[in-house]
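Input: a single structure, listed below in structure tokens.
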Amino acid sequence: MAQSYTVSDIQVLEGLDAVRKRPGMYIGSTGYRGLHQMLWEVVDNAIDEAANGYATKVDVCLYPDGSVSVEDNGRGIPVGIHPELKISGVELVFSKLHAGGKFNNENYAYSGGLHGVGASVVNALSTWLKVEICRDGYRHVQEFHSYEENGRIHAGQAKTPLQKMEKTDKHGSKITYMADPRVFDEVQVQFDRVSRRLRELAFLVKGVTITLTDLREAQPKKLEFCYLGGIVDFLIDMNTDRQALHPMPIHFSGEKNGILAEVTMQYVDTDKEYIYSYVNNIATGEGGTHETGFKIALTKVMNDYMKNVAAAVKEKLSFEGEDYREGLSAIISVKMKEVQFEGQTKTRLGNPEARVAVEAIVTEGLSQYLQNLNNTAVCTKIAEKAITAAKSRIAARKAKKIEREKSKADSAPLVGKLSSCTGKKPELNELFIVEGDSAGGNAKMGRDRRFQAILPLRGKPLNVEKKRIEQVLQNEEFRSIITALGAGFDKSFNIENIKYHKVIILADADQDGAHIRAILLTFFFRYFRQLIVDGHVFIAQPPLYSIRKGGKTVWAHTEKQLTEAKAQMGRGAEVKRYKGLGEMSKEQLWETTLDPNGRVLMQVTMEDAAACDHIVSTLMGDAVEPRKQYISEYANFNKQDKFAGNVL
Ligand code: 0RA
């Protein structure tokens, strides 16, 4: 590859070096999130090949050294020589920023991720990367590497041109890469995170078989995902722990002005709404125009339908959009070009044409469904559900009015639980929400009362799930949080008025603690979202161990830190494991958890809170043992390695 550089080639190489200089700009971070983003970039390319009908299988494999391979049985990345650049299509894709079929939009009808930076960025941030292509009757290979020379990194350089190997009838692409430890804090991806995303993709790309093999431990793990029902299977899966009003989800799809939309919906026996949406297989957690189009169509079509429902006409009920969304679970999946993302976390779809398209497709699909006489039984249930919802909405408004008056009267004794701080500057003030009375007591004594307020929570706050706002308001634990924050609640929440700029959840490092954290985060996510968006919510990280020797104490938050501390202190070090906050003295609690100079806090991100909301709403209907297990596994913020948030 050394002989003849053209000017444009040189620019290409500088391009990849630029990625090395500012990796964060291309993949978001050099922490866990960025490491996983590397994998998503490679997986997305393979999935695009499947989503567009060229591949049926995608295999992901994790190797002990941290390298990862992604193989598909698609057409294979083009191996021909580019007429101007005089390098193969493969080399172009891997060494030119933004090269590849995805970017001219001709080879693929729909693609383009949130980042969509592609293969060359992965190559630039890898120690080495190997491509194997089967197409045109042969297997072809090319290897790239990033090497250091005179203190300078040469990123993603081809070791050789693309080499033609033995004959084969197979077709497809396999990419194996080793994320560079000089770039990333950690190079081992997390099995749970990868399997969750691959499973989600398997639902979203109906019929594709995705496998995940983990060869990193003595006992290899292998998972296979394939869902012939696509998002319908996804919805059924999501609703396994809920009582469905009708066994088969409603499903329709269509195309309008070049936008494809697929929608599935099922009413369940709760009064919440669960609408999940995607654009080009990327979750849009903040919703957007496609969700709006869906809601508008649902309201319009159902309003028409209810005009002919005797029970509603007789009682002169008038409906609102939300009446049709009580107990509604739905998945909306849109495929379109030139996606615009908006919002705090860039997960809201902004394209106005998506609203128009989804509205038209849902209007047509849902009207047809409601007119079909085979569906009469289901339609009757949906109508009854809407009637119940409208009636209870009207009743709830009355109750809320009473509640408002009542809570005014009740707020005084509630603040009694709170040990407020003396300082009056919200920017400096911290509110600790502490699990358990005994830990709360220690925290009250150990804190710096000038800026730290303590709110002990007795027992577990009620599950936010399945509860109307009125019920949330009636729960004493939640009310005391609302009162302490002093800035309203839900739609009346005004972030300008918060009395504390840090809200810190302090719970034990066990299953119950994880449960409480998940519930509290869900509560904040649903009713105080701006608080999370603006970065005011934190999880305190009390240490799990103390290591003591000769009057010196070191604290460890992880097994790794424990091993290190033991090694450092040598023989005779005494290790104590702290199971709960209640076991610490007030001095210890201050030193390890409250003191801004020594403590570890994790800032909760929207991603974390949305994941909790998802887990709570899909799994926490009734908190039985297996679910608790799941929650503590996925929402355990005491394991730093499971956490996407920022360590402070
Ligand atoms: C552009 C054109 C063609 C294939 C691909 C891209 C392609 C890229 C990736 C990345 C991973 N797996 C992939 N499979 C295919 C081929 C166009 C043609 O053959 O006409």
Side-chain angles (χ1 to χ4, degrees), residues 12 16 26-27 37-61 67-85 87-126 128-144 156 158 162 164-165 168-179 194 197-198 201-202 204-205 207-212 280-282 335 337:
V12 164
L16 289 195
Y26 295 88
I27 47 158
Q37 190 58 43
M38 292 268 280
L39 178 52
W40 310 146
E41 295 296 338
V42 183
V43 166
D44 281 351
N45 290 336
I47 289 291
D48 276 346
E49 193 69 1
N52 285 278
Y54 300 113
T56 57
K57 204 160 184 291
V58 174
D59 299 301
V60 176
C61 187
S67 64
V68 178
S69 70
V70 178
E71 181 172 8
D72 67 66
N73 62 352
R75 294 167 295 177
I77 302 169
V79 295
I81 301 291
H82 189 281
E84 285 151 40
L85 295 171
I87 54 173
S88 66
V90 172
E91 190 165 339
L92 202 60
V93 166
F94 283 91
S95 56
K96 195 174 157 109
L97 271 176
H98 287 270
K102 287 174 101 167
F103 299 96
N104 58 31
N105 266 337
E106 274 164 26
N107 278 300
Y108 291 125
Y110 304 96
S111 83
L114 182 55
H115 302 269
V117 290
S120 58
V121 167
V122 175
N123 183 25
L125 300 177
S126 293
W128 53 264
L129 181 145
K130 181 176 178 185
V131 191
E132 294 172 74
I133 307 295
C134 295
R135 71 174 279 163
D136 306 342
Y138 289 90
R139 191 169 75 94
H140 310 257
V141 298
Q142 186 166 23
E143 285 181 56
F144 301 85
L162 184 70
K164 195 172 180 180
M165 312 300 278
T168 180
D169 320 324
K170 289 207 295 190
H171 51 91
S173 315
K174 180 176 181 180
I175 291 136
T176 312
Y177 69 93
M178 175 72 224
V194 176
R197 175 63 180 152
L198 295 182
L201 281 169
L204 290 165
V205 183
V208 65
T209 301
I210 305 179
T211 68
L212 171 61
N280 299 344
N281 301 332
I282 300 157
K335 304 277 167 68
K337 289 184 184 179

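What's counted below: heavy atoms across the whole structure, side chains too, no hydrogens, waters or symmetry copies. If you read the sequence from its start, that first residue is 1, and numbering goes on from there. Atoms within each ligand, like the ligands themselves, are counted from 1 in listed order.
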Rounded to the nearest 0.5 Å, what's the gap from CD on E143 to CH2 on W128? Could you check?
8.0 Å
Evaluating non-hydrogen atoms only, which member of K174, R75, E71 is closest to atom 18 (C) of ligand 1?
R75
Exercise: do T56 and N73 side chains pair donor with acceptor under 3.5 Å
yes
Does ligand 1 have any atom sitting under 4.0 Å from a heavy atom of P78?
yes
Relative to the heavy atoms of S173, which atoms of ligand 1 are at a distance of less than 4.0 Å?
12 (N), 13 (C), 14 (N)
Heavy atom to atom 12 (N) of ligand 1, shortest distance: which of N45, D72, V131 holds it?
D72
Would you mind telling me which of V79, V93, I81, V131 makes a side-chain contact (heavy atoms from CB on, under 4.5 Å) with S88?
I81
Enter the distance from S95:OG to F144:CZ here, rounded to the nearest 0.5 Å.
5.5 Å
Output for pair (L39 CG, I175 CD1), nearest 0.5 Å, gives 11.0 Å
Heavy-atom gap G76 to ligand 1 smaller than 4.0 Å:
yes
